[in-house]
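Structure first, commentary second.
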Amino acid sequence: MRLALFQPDIPQNVGACIRQSACFGVNLDIIEPTGFQFDDRAMKRAALDYGPLAHMTRHPSWESFLENRGSGRIVLFTTKAATSLPDFRFQPDDILLFGKESAGVPDAVHERADSRVFIPIRAEARSLNLSVSAGIALWEAMRQLQTWPRRAA
């Protein structure tokens, strides 16, 4: 199971996803360009001390991500999906892809996705925060597959 962020705009969301990667032991892919200066100082500030526990790979472009992604379905989380999160069945090697906060993903990325999923929210609400959405999706996937971390006895 992996999280992937397509051209994220907000460093705090990337930082929160780095923390999710660290805490849940999943890989995180950042597909650039980002909407902020993505250097060591910015990431240390956003991820606090979770960076060393995270498993993050940066990709300079969508094409680079596709070339190096390995196996697994691309599961795009989008408000334009027809399948709701509770109805979707995850597989262990799925890549949970989330779009840019300001614009989502372009049509070419939609077309490349193997599945499109939405998180049900109230009709009058526009959307959830990116890192909140990633956490909800990741937890549901881990719940279905029973792959969440276990506490040592």
Side-chain angles (χ1 to χ4, degrees), residues 1-39 42-43 46-47 50-51 54-148:
M1 185 70 52
R2 290 167 42 200
L3 287 178
L5 306 181
F6 179 86
Q7 300 180 354
D9 291 324
I10 302 171
Q12 293 84 353
N13 283 331
V14 174
C17 288
I18 289 171
R19 291 172 80 163
Q20 290 175 30
S21 168
C23 291
F24 294 126
V26 299
N27 292 334
L28 173 63
D29 294 281
I30 306 295
I31 303 162
E32 298 185 23
T34 61
F36 56 91
Q37 178 93 16
F38 196 27
D39 58 16
M43 290 325 308
Y50 288 86
H55 309 282
M56 183 178 67
T57 304
R58 292 172 63 177
H59 304 274
S61 67
W62 172 245
E63 294 75 21
S64 173
F65 168 75
L66 291 175
E67 289 173 15
N68 297 296
R69 74 182 181 107
S71 64
R73 300 181 302 178
I74 296 175
V75 181
L76 175 62
F77 282 80
T78 172
T79 58
K80 299 174 184 174
T83 304
S84 73
L85 179 59
D87 296 329
F88 188 76
R89 294 296 155 243
F90 290 94
Q91 296 174 5
D93 60 351
D94 282 343
I95 301 166
L96 311 182
L97 177 63
F98 297 84
K100 178 188 285 197
E101 295 93 334
S102 62
V105 299
D107 290 342
V109 175
H110 266 276
E111 293 165 9
R112 189 60 198 257
D114 299 297
S115 299
R116 288 166 208 79
V117 177
F118 72 93
I119 298 171
I121 60 174
R122 296 172 55 186
E124 58 271 22
R126 186 171 43 94
S127 64
L128 290 164
N129 171 280
L130 170 72
S131 59
V132 170
S133 297
I136 290 169
L138 180 59
W139 184 254
E140 174 58 16
M142 291 183 342
R143 185 197 66 79
Q144 286 183 19
L145 299 169
Q146 298 188 13
T147 58
W148 53 82

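No experiment lies behind these values; they were computed from the predicted model shown.
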>> Looking at Arg2 and Arg69, would you say the former's side chain and the latter's main chain have a donor-acceptor pair under 3.5 Å?
In response: yes
> With Ser127, which residues qualify under side-chain hydrogen bond (donor to acceptor under 3.5 Å, both in side chains), at least two apart?
Replying inline: none
>> Can you give me the closest heavy-atom contact between Phe36 and Pro8, atom names plus distance?
In response: CE2-O, 3.6 Å
>> Holding to side-chain contact (heavy atoms from CB on, under 4.5 Å), I want the full list of residues that pass it with Glu32, two or more places apart in sequence or in another chain.
In response: Ile30, Thr34, Phe38, Arg58
> Which pairs with one or both residues in residues 68-106 pass ring pair (Phe, Tyr, Trp, His ring centres under 6.0 Å), sequence neighbours excluded?
Replying inline: Phe77-Phe98, Phe88-Phe90
>> Apply side chain to side chain contact (heavy atoms under 4.5 Å, CB included) to residues Val105 and Leu76 and explain how you reach the verdict.
In response: CA-CA 9 Å; Val105 299; Leu76 175 62; 3.8 Å; yes
>> List the residues meeting side-chain hydrogen bond (donor to acceptor under 3.5 Å, both in side chains) with Ser21, not counting sequence neighbours, and say none if there are none.
In response: none
> Could you give all pairs that pass the salt bridge (Lys or Arg N to Asp or Glu O under 4.0 Å) test and reach residues 117-139, with sequence neighbours left out?
Replying inline: Arg122-Glu124
> Quick one: side-chain contact (heavy atoms from CB on, under 4.5 Å) partners of Ile121, sequence neighbours excluded?
Replying inline: Ala125, Leu128
> Heavy-atom distance under 4.5 Å between the side chains of Leu97 and Val75, does that happen here?
Replying inline: no
>> Nearest 0.5 Å, please: how far is CD1 in Ile119 from CG in Leu85?
In response: 5.5 Å
> Between CD of Gln12 and CD1 of Ile18, what distance do you get to the nearest 0.5 Å?
Replying inline: 11.5 Å
>> Ignoring hydrogens, what is the shortest heavy-atom contact between Ser131 and Asn13? Give both atom names and the distance.
In response: OG-OD1, 3.2 Å
> Which residue pairs satisfy the salt bridge (Lys or Arg N to Asp or Glu O under 4.0 Å) criterion with at least one member in residues 81-95, sequence neighbours excluded?
Replying inline: Arg73-Asp94
> Tell me the salt bridge (Lys or Arg N to Asp or Glu O under 4.0 Å) pairs involving residues 130-143, sequence neighbours left out?
Replying inline: Glu140-Arg143
>> For a side-chain hydrogen bond (donor to acceptor under 3.5 Å, both in side chains) check, start with the C-alpha distance between His59 and Asn68, then their side-chain angles and the critical distance, and finish with the verdict.
In response: CA-CA 9 Å; His59 304 274; Asn68 297 296; 4.8 Å; no
>> Name the residue from Asp29, Leu28, Asn27 that meets the side-chain contact (heavy atoms from CB on, under 4.5 Å) definition with His55.
In response: Asn27
>> Once ring pair (Phe, Tyr, Trp, His ring centres under 6.0 Å) is applied, what residue pairs with a partner in residues 100-123 remain, sequence neighbours excluded?
In response: none
> What's the verdict on side chain to side chain contact (heavy atoms under 4.5 Å, CB included) for Leu130 and Leu5, showing C-alpha distance, side-chain angles and the deciding distance?
Replying inline: CA-CA 9 Å; Leu130 170 72; Leu5 306 181; 4.2 Å; yes
>> Under the rule for side-chain contact (heavy atoms from CB on, under 4.5 Å), what residues qualify as partners of Leu138, not counting sequence neighbours?
In response: Met1, Leu3, Gln20, Phe24, Val26, Leu96, Met142
>> If the condition is side-chain contact (heavy atoms from CB on, under 4.5 Å), which residues does Pro106 pass it with, not counting sequence neighbours?
In response: Phe6, Val109
>> So, using side-chain hydrogen bond (donor to acceptor under 3.5 Å, both in side chains) as the criterion, who are the partners of Asp9 when residues are at least two apart?
In response: Ser102
> Taking all non-hydrogen atoms of both residues, which atom of Ile95 and which atom of Gly72 are closest, and how far apart?
Replying inline: CD1-O, 4.3 Å
